[in-house]
Amino acid sequence: MAQEKQPKETNPHLRGMKEGKRAGHKKQEADRPKDPRRALYIFITTFLLLAGLAVLIVWSIYRPHKPRFTVVGAAVYVLNTSSPPFISTSMQFTIVTRNPNRRVSIMYDKLNAYLSYRNQAITPPMVLPPFYHEKKSTVVMYPVLVGEGVPVSVEVSDGLVMDEAYGVVGLRVVLLGRLRWKVGAIKTGRYGVYVKCDILVGLQKGFVGQVPLLGSPQCKVDI
């Protein structure tokens with residue numbers, strides 16, 4: 001059996017009322033106030049993206065090179081062993097650091113130095129004063145590293161006795177700290193810096209004063 005077709009709305013007044021209702025609903029949706037939190041979220045997201053892009057561009061243009069450190073002098077005031085195995089030390093080093101960057105300065109907020117022998121610290125960390133390293137400049141430091149009766153292993157104590165008898169002692173000057181890069185008015189966050197300076201000094205037991213450096217390559221710098 002054929003289904004009967006529903007007659008289309010032919011009354012122009014009813015059709016106009018329905019269209020008016022639909023238009024009214026659209027106008028109400030358009031006039032409805034927007035959520036301010038959504039607008040704030042969009043603003044913050046856009047700002048962070050633009051700021052990150054700006055920092056990335058600046059960093060790519062002014063990408064800093066690591067500072068260079070070299071030990072150029074050493075003086076011994078005390079370096080001996082006692083029993084049970086202790087080592088007493090008092091040494092001064094001349095350390096030259098170079099900032100090779102033409103556009104980037106370096107701010108050392110914190111820097112400690114200590115001396116190690118055969119991978120064992122023989123002085124406690126010494127706090128060095130913070131300093132500002134200008135572009136393409138050189139800074140010289142003269143830390144005196146002192147350790148009184150520092151306990152060490154028997155191997156380290158015996159090794160120092162043998163090296164002094166031979167006349168050559170291998171030492172490591174270590175610098176640890178935090179630095180920031182500075183480009184114009186922009187300062188980065190803090191980065192850890194770890195500097196290892198392996199040196200060979202001509203030294204015999206009982207000698208006091210300036211000692212010759214038999215080997216002092218450029219220090220290894222990790223940031």
Side-chain angles (χ1 to χ4, degrees), residues 55 58-59 62-79 86-152 156 160 169-201 203 208-223:
V55 171
V58 171
W59 186 262
Y62 298 99
R63 182 179 302 169
H65 298 285
K66 296 178 182 179
R68 305 189 188 110
F69 289 80
T70 308
V71 177
V72 299
V76 177
Y77 307 118
V78 176
L79 184 61
F86 294 128
I87 290 182
S88 294
T89 309
S90 178
M91 295 186 67
Q92 184 174 27
F93 297 91
T94 303
I95 303 174
V96 176
T97 176
R98 175 75 177 170
N99 178 7
N101 297 286
R102 292 184 301 169
R103 301 184 180 92
V104 182
S105 302
I106 305 174
M107 304 173 67
Y108 290 92
D109 298 321
K110 180 181 178 183
L111 204 59
N112 296 332
Y114 69 89
L115 185 65
S116 73
Y117 172 72
R118 297 200 174 191
N119 295 321
Q120 186 166 348
I122 57 175
T123 67
M126 173 190 176
V127 179
L128 303 179
F131 66 94
Y132 180 70
H133 206 166
E134 291 280 0
K135 303 178 284 289
K136 297 292 283 186
S137 66
T138 300
V139 174
V140 183
M141 299 178 286
Y142 304 94
V144 178
L145 306 181
V146 178
E148 183 65 33
V150 177
V152 295
V156 169
L160 180 60
V169 178
L171 298 169
R172 172 177 288 175
V173 181
V174 179
L175 302 174
L176 287 168
R178 307 282 286 177
L179 63 77
R180 288 179 290 169
W181 309 103
K182 184 175 182 293
V183 182
I186 300 175
K187 300 176 185 177
T188 69
R190 289 178 173 83
Y191 292 83
V193 57
Y194 178 44
V195 182
K196 295 187 298 184
C197 305
D198 292 318
I199 60 174
L200 292 174
V201 297
L203 173 65
V208 175
Q210 198 78 20
V211 292
L213 294 178
L214 306 178
S216 180
Q218 194 172 98
C219 305
K220 182 180 179 182
V221 180
D222 293 320
I223 296 178

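In this structure, Tyr108 and Phe69 have perpendicular ring planes: the angle between them is above 60°, well past the 30° mark.
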- Does the side-chain hydrogen bond (donor to acceptor under 3.5 Å, both in side chains) test come out yes or no for Gln92 and Tyr142, once each step is laid out? CA-CA 7 Å; Gln92 184 174 27; Tyr142 304 94; over 6 Å; no
- Message: If you apply the rule side-chain contact (heavy atoms from CB on, under 4.5 Å), what do you find for Thr89 with Tyr117, and how did you get there?
- Response: CA-CA 11 Å; Thr89 309; Tyr117 172 72; over 6 Å; no
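For Lys196, the side chain to side chain contact (heavy atoms under 4.5 Å, CB included) partners at least two apart in sequence or on another chain are Arg172, Tyr194, Lys220. Every salt bridge (Lys or Arg N to Asp or Glu O under 4.0 Å) that Asp109 has, sequence neighbours left out, goes to Arg180, Arg190. Scored by the side chain to side chain contact (heavy atoms under 4.5 Å, CB included) test, Leu128 finds Leu111, Ala113, Met126, Met141, Pro143, Leu175 as partners (sequence neighbours excluded). By the side chain to side chain contact (heavy atoms under 4.5 Å, CB included) test, Gln120 pairs with Val152, Ser153, Val156, sequence neighbours left out. Taking Phe93 as the reference, nothing meets the ring-ring contact (aromatic ring centres under 6.0 Å, His included) condition, with sequence neighbours excluded.
For residues 110-132, the set of pairs meeting the salt bridge (Lys or Arg N to Asp or Glu O under 4.0 Å) definition, not counting sequence neighbours, comprises Arg118-Asp163.
Atom OH of residue Tyr114 and atom OG1 of residue Thr123 lie 8.5 Å apart, to the nearest 0.5 angstrom. Atoms NZ and CD1, on Lys66 and Ile106 in that order, are 12.0 Å from each other to the nearest 0.5 Å. The OH atom of Tyr191 lies 15.0 Å from the CG atom of Asp222; values are rounded to the nearest 0.5 Å. Separating the CD1 atom in Ile223 from the NE2 atom in His65 is a distance of 12.0 Å, to the nearest 0.5 Å. How far OG of Ser116 is from CG of Asp198: 7.5 Å, rounded to the nearest 0.5 Å. A distance of 12.5 Å separates SG in Cys219 from CZ in Arg68, rounded to the nearest 0.5 Å.
Using a 4.5 Å heavy-atom threshold, the side chains of Val146 and Tyr77 count as separate. With contacts defined as side-chain heavy-atom distances shorter than 4.5 Å, the pair Val140/Val72 does not qualify. Between Lys135 and Arg102, every side-chain heavy-atom pair lies at or beyond the 4.5 Å cut-off. Between Pro67 and Asn99 the shortest side-chain heavy-atom distance does not fall below 4.5 Å. Side-chain contact between Leu79 and Ile87 is present, with heavy atoms from C-beta onward closer than 4.5 Å. Between Leu171 and Val201 there is a side-chain heavy-atom pair separated by less than 4.5 Å. Side chains of Thr97 and Ile95 form no contact here, defined as non-hydrogen atoms less than 4.5 Å apart.
The backbone N or O of Gly149 lies less than 3.5 Å from a partner atom in the side chain of Ser88, making a donor-acceptor pair.
Of all the heavy atoms in Gly73 and Leu213, the pair that sits closest is N-CD1, 3.5 Å. Heavy-atom minimum distance, Met91 versus Val78: CG-O, 4.3 Å. Leu200 approaches Gly170 most closely through the heavy-atom pair CD2-CA, 3.6 Å.
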